[in-house]
Asks: 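My questions will all concern the structure given below.
None of these values were measured; they are calculated from a predicted model.
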Number of protein chains: 2
Amino acid sequence: MAARADTSKTAESSDKVSVICRALRRAIIEQALEPGAKLPEDSLGERFGVSRTIARHALGQLAAEGLVELRRNRIAVVATPSWQEARDAFDIRIELERLVVRQLAGKLTKPQIAELNAHVDAEDRARDGTDAVSIRLATEFHILLAHMTNSPILVRYVSEVAYRCCLTLSLYSRPHSSECAINEHRAIIAALAKGDVDKVMGLMHSHLDSVATRALVTPSPQRGRDLLDILAPYADEASGEKVVKLPKAVRR
Amino acid sequence: MAARADTSKTAESSDKVSVICRALRRAIIEQALEPGAKLPEDSLGERFGVSRTIARHALGQLAAEGLVELRRNRIAVVATPSWQEARDAFDIRIELERLVVRQLAGKLTKPQIAELNAHVDAEDRARDGTDAVSIRLATEFHILLAHMTNSPILVRYVSEVAYRCCLTLSLYSRPHSSECAINEHRAIIAALAKGDVDKVMGLMHSHLDSVATRALVTPSPQRGRDLLDILAPYADEASGEKVVKLPKAVRR
DNA sequence: ACAGCCCGAACTGCATGCAATTGCAGCGCC
DNA sequence: GGCGCTGCAATTGCATGCAGTTCGGGCTGT
């Protein structure tokens with residue numbers, strides 16, 4: 001039951017803008033929309049049966065979350081975080097999630113523990129599904145934890161940064177074996193239930209750290225980064241090196 | 001030369017929406033707009049010389065940052081964070097800023113240190129100004145620090161959460177003596193320059209913690225939610241307070 | 001006199017229209 | 001053949017218009 005239909009405090013609830021936001025968010029983190037994919041306002045509006053105004057508003061929200069890049073007078077695109085930004089996001093995420101488990105250790109109710117276990121079971125069952133889904137589930141485990149702190153702000157930040165990490169994982173990571181992640185999730189639940197603050201903070205730290213380092217070992221964006229943007233700063237002094245213009249691989 | 005000309009990283013640069021956002025943000029954290037103040041789209045549009053569409057978009061962004069509360073079909077109001085939310089915000093802020101100084105310790109350039117010192121000097125000069133301004137400057141010191149990490153994500157989160165804390169300080173704190181804050185800022189700069197990671201993390205922690213505890217000891221509005229708004233007309237026992245419900249803050 | 005109802009004003013939700021900017025394809029020039 | 005230019009189509013930036021909802025004040029019934 002992932003019903004959690006509560007969107008509550010944070011400005012978004014049931015209007016069309018939020019619906020589009022959620023849909024796009026999910027599409028992005030499941031890689032249905034790759035980083036760099038174009039998101040023209042009218043196409044979105046047409047797709048979701050709303051006007052450009054609404055699509056535009058949704059894009060604005062997603063841009064505020066860092067999932068979408070918005071350049072003036074240009075088509076919005078799915079964000080393409082740099083490797084450094086990915087590292088930064090993970091650093092922040094580690095701190096935030098340590099805070100989460102610190103607040104949660106020993107304070108979980110039985111139903112909450114059951115809910116967590118159920119979620120991990122779901123992760124387990126999804127192991128033979130697509131990679132995108134298992135990544136999403138793993139991410140949602142962390143968001144579920146954040147929810148249990150009853151701190152809307154913490155939920156928002158953890159969600160955002162987790163989504164960003166999801167996005168970067170899709171960029172810089174190859175098929176990851178979710179097995180160990182699941183085991184680590186179980187270990188975290190156990191330590192939380194036992195109330196061992198230090199243990200659980202350490203677990204969470206190493207869990208995220210391992211994901212980060214395992215995923216982000218390759219600072220060479222094999223593809224997908226639009227080189228033109230990368231090279232923009234070098235345009236001034238790029239006299240000696242001949243910069244060939246690559247054949248725009250990502251065309252539609 | 002604070003010409004931090006970074007456009008486009010964080011979606012907001014030079015369009016009218018961002019202008020309005022910045023203006024409102026500042027008005028809010030300087031308490032020109034009190035928590036609970038109404039922000040009708042038309043009035044904002046009129047005030048800033050734009051249409052409702054733009055004002056609406058700006059409100060959306062500010063709502064995403066938690067500075068504005070947006071209820072469907074209702075006039076937007078400046079957010080009124082509960083006391084618990086204030087605590088949560090400070091908790092998060094402490095972690096984030098510890099991360100900031102951890103990354104910064106020993107890595108600051110001379111110009112950066114000079115810039116920081118200049119800012120604190122400005123804080124010093126503003127001591128005889130209004131409280132709102134000195135609070136804003138103190139907040140901006142922390143944001144300036146975050147900027148120096150060169151991590152856009154960190155900048156965004158620190159800024160947001162710092163603004164939120166600013167907002168709550170205006171709610172739950174009485175006139176605070178900024179003197180010690182200034183000294184603590186100087187101490188932090190010194191420790192950063194010396195590169196003493198542990199020292200500076202401890203300093204930052206206690207700095208923020210002291211601000212938080214000094215400020216948040218009084219949950220005077222029992223729950224702080226929009227209950228406060230409801231009770232405003234019946235402001236008998238809340239006598240000492242200046243709760244004029246709304247002199248139509250932004251009315252032509 | 002008081003409570004409840006009703007109606008108008010105010011406001012938001014959303015779509016559409018128009019001007020301005022950008023992307024791009026084709027064309028001419030070197 | 002490659003490079004730069006030009007004009008058109010695509011797309012955004014923004015304002016305005018209309019419909020639906022909420023708020024508040026006055027009126028009526030008791």
Asks: Sugar-phosphate means primed atoms, P, OP1 and OP2; the rest is base. With that split, encode nucleotides 11-18 of chain D 5' to 3' as B, S or - using protein heavy atoms under 4.0 Å.
Replies: SBBBBBBB
Asks: Tell me if a side-chain donor or acceptor on A/R87 pairs with a main-chain N or O of A/A212 at a distance below 3.5 Å.
Replies: no
Asks: Any side-chain to backbone donor/acceptor pair from B/R71 onto B/V77? Under 3.5 Å, distance only.
Replies: no
Asks: Return the value, rounded to whole Å, for the distance between atom CD of B/E69 and atom P of C/dT12.
Replies: 15 Å
Asks: Strictly distance-based, threshold 3.5 Å: is any side-chain N or O of B/H119 a donor or acceptor partner for the main-chain N or O of B/H142?
Replies: no
Asks: Do B/D42 and B/R52 pass the salt bridge (charged side-chain N to carboxylate O under 4.0 Å, His left out) test, and can you show the C-alpha distance, the side-chain angles, and the key distance before you say yes or no?
Replies: CA-CA 5 Å; B/D42 316 309; B/R52 287 195 306 116; 3.4 Å; yes
Asks: Side chain of A/R164, backbone of A/E65: donor and acceptor closer than 3.5 Å?
Replies: yes
